[in-house]
Amino acid sequence: MINNGMLGVHYHITKFGITMNRSYDGQYIWIIGASSGIGKALALELSKRGATLALSARRQDQLEYLKNECEGDNHIIVPCDVGETDSTRHAFETIQSQFPQLNSCIFMAAIYSTHDGKPKDISFIQDMIRVNIGGAYNILDSIVPYYESQQAGQIAICASVAGFKGLPTGQPYCSTKAALINLCESLKIDLGKSNIDVKVINPGFVKTPLTDKNNFPMPMIITADKAAHCIANDLLTKKFEIHFPKKFTYLMKIIHLLPNWLYFIIARQIR
Ligand SMILES: NC(=O)c1ccc[n+]([C@@H]2O[C@H](COP(=O)([O-])OP(=O)(O)OC[C@H]3O[C@@H](n4cnc5c(N)ncnc54)[C@H](OP(=O)(O)O)[C@@H]3O)[C@@H](O)[C@H]2O)c1
């Protein structure tokens with residue numbers, strides 16, 4: 001490792017090549033959706049880089065296990081259900097009582113199901129909206145007044161490339177992710193005045209329990225460790241959008257630019 005302590009940047013030779021690792025020393029970070037997949041890998045990565053973490057999700061046993069795996073001693077677990085306003089408020093109060101400050105809040109929680117293109121049970125659709133979109137609003141309800149009072153802080157919300165365009169058999173998951181991208185764009189404009197950094201995270205395919213359910217080919221799929229590495233490298237930059245793997249996400253961005261008539265012809269072939 002080559003250390004440039006002045007800039008808080010370390011250069012590492014890793015399985016991803018020579019990489020620049022940003023240091024999170026002194027940073028207090030709340031990861032919501034930390035019990036598995038990308039959120040879990042991100043917790044491990046950020047703890048290695050010096051962050052102190054509050055770890056949230058519903059499964060307390062998984063959070064306990066993760067806390068013991070993380071580097072450093074002062075991490076806390078704060079189980080909550082993001083779909084319930086009282087639960088997220090209580091979690092934030094717990095964090096405030098145990099941490100001297102909160103620098104960043106990363107919303108990774110989501111539910112997903114494989115899709116067959118047939119109409120879904122309305123209670124299932126409402127549940128996905130309640131967790132994926134409502135969960136983000138519940139977190140914002142607590143975090144924004146706190147950040148505004150200190151005129152600083154970061155919110156990073158995980159959406160998806162699945163939110164770029166309506167995908168074949170993608171409902172209701174794609175629509176929740178499109179809503180989150182739109183939400184982050186508005187927040188970026190509205191909260192910029194208060195010195196609050198807003199980021200949207202748009203992953204392509206990542207191998208996690210969420211995608212293990214898929215029975216279709218997932219082009220350019222990456223590991224959760226790689227995804228966590230990309231997020232950890234970009235959270236401390238000025239970028240609004242964190243997206244990866246780049247070859248896949250740029251392809252999706254090009255598709256997004258196609259005229260609707262051409263997009264629908266191509267999308268119907270994939271279905
Ligand atoms: N994997 C991919 O290819 C991919 C691609 C694009 C975007 N994403 C997004 O990346 C994020 C992480 O996904 P992942 O692939 O890592 O999936 P995952 O392994 O299924 O993780 C989802 C996390 O969300 C938590 N969660 C779900 N419902 C919750 C609730 N009501 N309250 C609190 N926490 C809840 C889960 O914990 P509990 O069950 O313990 O509550 C778990 O920690 C999601 O936003 C997903 O949409 C993933």
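Order of appearance sets the numbers: ligands from 1, and atoms from 1 within every ligand.
- Among the atoms of Gly83, none of the N or O lies under 3.5 angstrom from an N or O of ligand 1.
- Set against the non-hydrogen atoms of Ser160, the atoms of ligand 1 under 4.0 Å away are 6 (C), 7 (C).
- Closest to atom 3 (O) of ligand 1 among all protein heavy atoms lies Val206 N, 2.7 Å.
- Residue contact check for ligand 1: Ala159 places a non-hydrogen atom closer than 4.0 Å to it.
- Which of Ala110, Cys158, Gly33 comes nearest to atom 27 (C) of ligand 1 through a heavy atom is settled by distance: it is Ala110.
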Query - Criterion salt bridge (Lys or Arg N to Asp or Glu O under 4.0 Å) on Arg130 and Glu84, from CA distance to verdict - result: CA-CA 8 Å; Arg130 186 179 62 84; Glu84 305 293 332; 3.2 Å; yes

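- Of the candidates Ala109, Gly135, Ala228, Ala109 brings a heavy atom nearest to atom 35 (C) of ligand 1.
- The residue among Thr208, Asn132, Ile106 with a heavy atom at the shortest distance from atom 15 (O) of ligand 1 is Thr208.
- Residue Asp212 places its CG atom among more than 12 non-hydrogen atoms of other residues, nucleotides or ligands, all under 6.0 Å distant.
- Residue-environment remark: NZ (Lys213) exceeds the threshold of 12 foreign heavy atoms within 6.0 Å.
- For Tyr263 (side chain) and Gly166 (main-chain N/O), a donor-acceptor pair under 3.5 Å exists by modelled atom type.
- A 4.5 Å side-chain heavy-atom check between Ile222 and Phe248 finds every atom pair outside the cut-off.
- Scanning all protein heavy atoms for the shortest distance to atom 8 (N) of ligand 1 gives Tyr173 OH, 3.8 Å.
- For ligand 1 and Arg59, the ligand atoms under 4.0 Å from any heavy atom of the residue are 37 (O), 38 (P), 39 (O), 40 (O).
- Given atom 32 (N) of ligand 1, the protein heavy atom at minimum distance is Val82 N, 2.9 Å.
- The 12-atom threshold is not exceeded at OH of Tyr137, counting heavy atoms of other residues, nucleotides or ligands nearer than 6.0 Å.
- Those atoms of ligand 1 with a heavy atom of Pro209 less than 4.0 angstrom away are 19 (O).
- Counting heavy atoms closer than 4.0 Å to ligand 1, residue Ile111 contributes side-chain atoms (C-beta onward) but none from N, CA, C or O.
- Those atoms of ligand 1 that come under 4.0 Å of a heavy atom in Lys177, given as number and element, are 44 (C), 45 (O), 46 (C), 47 (O).
- Looking at heavy atoms from C-beta onward, Lys188 lies in side-chain contact with Asp197 at the 4.5 angstrom threshold.
- For ligand 1, the atoms closer than 4.0 angstrom to any heavy atom of Cys80 are 32 (N), 33 (C).
- The closest approach between a heavy atom of Phe107 and any atom of ligand 1 is not below 4.0 Å.
- With hydrogens left out, the protein atom closest to atom 18 (P) of ligand 1 is Ser36 OG, 3.3 Å, a heavy atom.
- Checked against a 3.5 angstrom limit, the closest N/O atoms of Pro203 and ligand 1 fall outside it.
- Against a heavy-atom cut-off of under 4.0 Å, Ser35 is close to the following atoms of ligand 1: 36 (C), 37 (O), 38 (P), 40 (O), 42 (C), 43 (O).
- To the nearest 0.5 Å, atoms CG (Asn182) and CG (Leu187) are separated by 10.0 Å.
- Ligand 1 has no nitrogen or oxygen under 3.5 angstrom from a nitrogen or oxygen of Phe205.
- Looking only at heavy atoms of the protein, atom 29 (C) of ligand 1 is closest to Arg58 NE, 3.4 Å.
- Shown in contact with Ala34 at under 4.0 Å from a heavy atom are these atoms of ligand 1, numbered in order with element: 43 (O).
- To the nearest 0.5 Å, atom CE of residue Met128 and atom CD of residue Gln171 are 9.5 Å apart.
- Leu210 CB, 3.6 Å is the protein heavy atom nearest to atom 20 (O) of ligand 1.
- For the side chain to side chain contact (heavy atoms under 4.5 Å, CB included) criterion with Ser47, the lone passing option out of Leu55, Thr52, Leu53 is Leu53.
- For atom 4 (C) of ligand 1, the closest non-hydrogen atom on the protein side is Gly204 O, 3.9 Å.
- With hydrogens and angles disregarded, a donor-acceptor distance shorter than 3.5 Å links the side chain of Asn132 to the backbone of Ile111.
- Here the heavy atom of the protein found nearest to atom 12 (C) of ligand 1 is Met108 O, 3.4 Å.
- At a heavy-atom distance under 4.0 Å, atoms from both the backbone and the side chain of Ile38 approach ligand 1.
- Ligand-side atoms of ligand 1 in range of Asp81: 30 (C), 31 (N), 32 (N), range being under 4.0 angstrom from any heavy atom.
- Between Ile143 and Cys105, the shortest heavy-atom distance links the atoms CD1-CB, 4.0 Å.
- When each of Asp86, Thr88, Thr85 is checked for a side-chain hydrogen bond (donor to acceptor under 3.5 Å, both in side chains) with Asn138, only Thr85 meets the rule.
- Distances from ligand 1 to the non-hydrogen atoms of Gln62 include no value under 4.0 Å.
- Ring pair Tyr146/Phe92 is perpendicular by interplanar angle, where above 60° counts as perpendicular and below 30° as parallel.
- When atom types are taken as modelled, the side chain of His243 and the backbone of Pro203 share no donor-acceptor pair closer than 3.5 angstrom.
- The main-chain N or O of Leu235 is found under 3.5 Å from a side-chain atom of Gln154 such that the two form a donor-acceptor pair.
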